Amino acid sequence: MTNDARAHDGGVLAHDDVGSGTPLVLLHGFPLTRHLWDAQRAALSSRCRVITPDLRGFGESAALAHDGRLTMARHADDVAALLDALAIDRAIIGGLSMGGYVTLAFWRRHRDRVRALVLADTRASADTDATRERRVATIALARAEGALAVADAQIASSLGATTRRTHPALVHRIRDMMATVSAATMVAALEGMLARDDATPWLGTIDVPTLLMVGDEDAITPAKEMRAMHERIAGSVLEVIEQSGHLSPVEQPARFDEALMRFVRAV
Ligand code: MLT
């Protein structure tokens, strides 16, 4: 069921809210929508209340704020406003890649609302010079040629070699999902990621159960980055998902869901 909730400054976050039990919020990556989590909604809703918003600017939450900016802090505050609207005090907060950057910003800004954390295919560090250059080029591409061109440029690095070889239908599905995101949102999100803080110093403050997951073929946020995070988060659990690239929840949903379910049960 799709619902709407007021974001903190009057916007609307569309979201799915299914199941009952411990609330579990899952935040999608760039340039994707809440449909990244379709398999997890189905698999985990017997055990928890699964809430999957379209982050501001994406999917059915397409409207941008008046200043057009999409910072990780703004997304985090939107998620807090969503919890308020749903009368949820504390939840397991999780995110993939950009959703992971938002999850870390949420921890920094709203940690009293966090029951546990899930960080999938993401990193804590700020952009390297090479990543900054790539983002600036992608901003130019989005402005000049639009969303489909960005989807075409991004799809190969987003999915692992195994998926690209064996799952052509999934490749098309993800490319189509990416192409639903407007060029304006892509530009704002890329600028927001460029401007994000280095979250590494915050990792030592995490004192809630934390699950880290990464595909062994992830070319965007490789396993070694997540191992470094794992070492800095006391008591965290790291699961490496075999035969998966950057989008592990859709590339290997059974393995991803099993690890997530194990974690949720333990929490
Ligand atoms: C994502 O999947 O959210 C992006 O690849 C993150 C990024 O570009 O840093």
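We use all heavy atoms of the structure for the numbers below, so side chains are in, but hydrogens, waters and symmetry mates are not. Remember, it's 1-based here, ligands and their atoms both numbered in the order they're listed. Being a predicted model, the structure only gives us computed values, none of them experimental.
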- Task: Could you pull out all residues at least two apart from H246 that satisfy ring-ring contact (aromatic ring centres under 6.0 Å, His included)?
- Result: none
Check residues 79-95 and write down every donor-acceptor pair under 3.5 Å in which the side-chain atom is one partner and the other belongs to a residue at least two apart or another chain.
unit_1 : atom_1 : unit_2 : atom_2 : d
D84    : OD1    : R113   : NH1    : 2.9
D84    : OD1    : R113   : NH2    : 3.0
R90    : NH1    : V114   : O      : 3.4

- Task: For residues M178 and I155, determine if any side-chain heavy atom of one lies less than 4.5 Å from a side-chain heavy atom of the other.
- Result: yes
- Are side-chain heavy atoms of M213 and D121 found at a separation under 4.5 Å? no
- Note on the structure: Using heavy atoms and a strict 4.0 Å limit, residues surrounding ligand 1 turn out to be G29, F30, S97, M98, Y101, R135, Q154, M193, I220, H246
- Note on the structure: By side chain to side chain donor-acceptor pair (under 3.5 Å), T200 pairs with (sequence neighbours left out) D198
- May I ask you to decide if the ring planes of H75 and F58 are parallel, tilted or perpendicular, using 30° and 60° as cut-offs? tilted
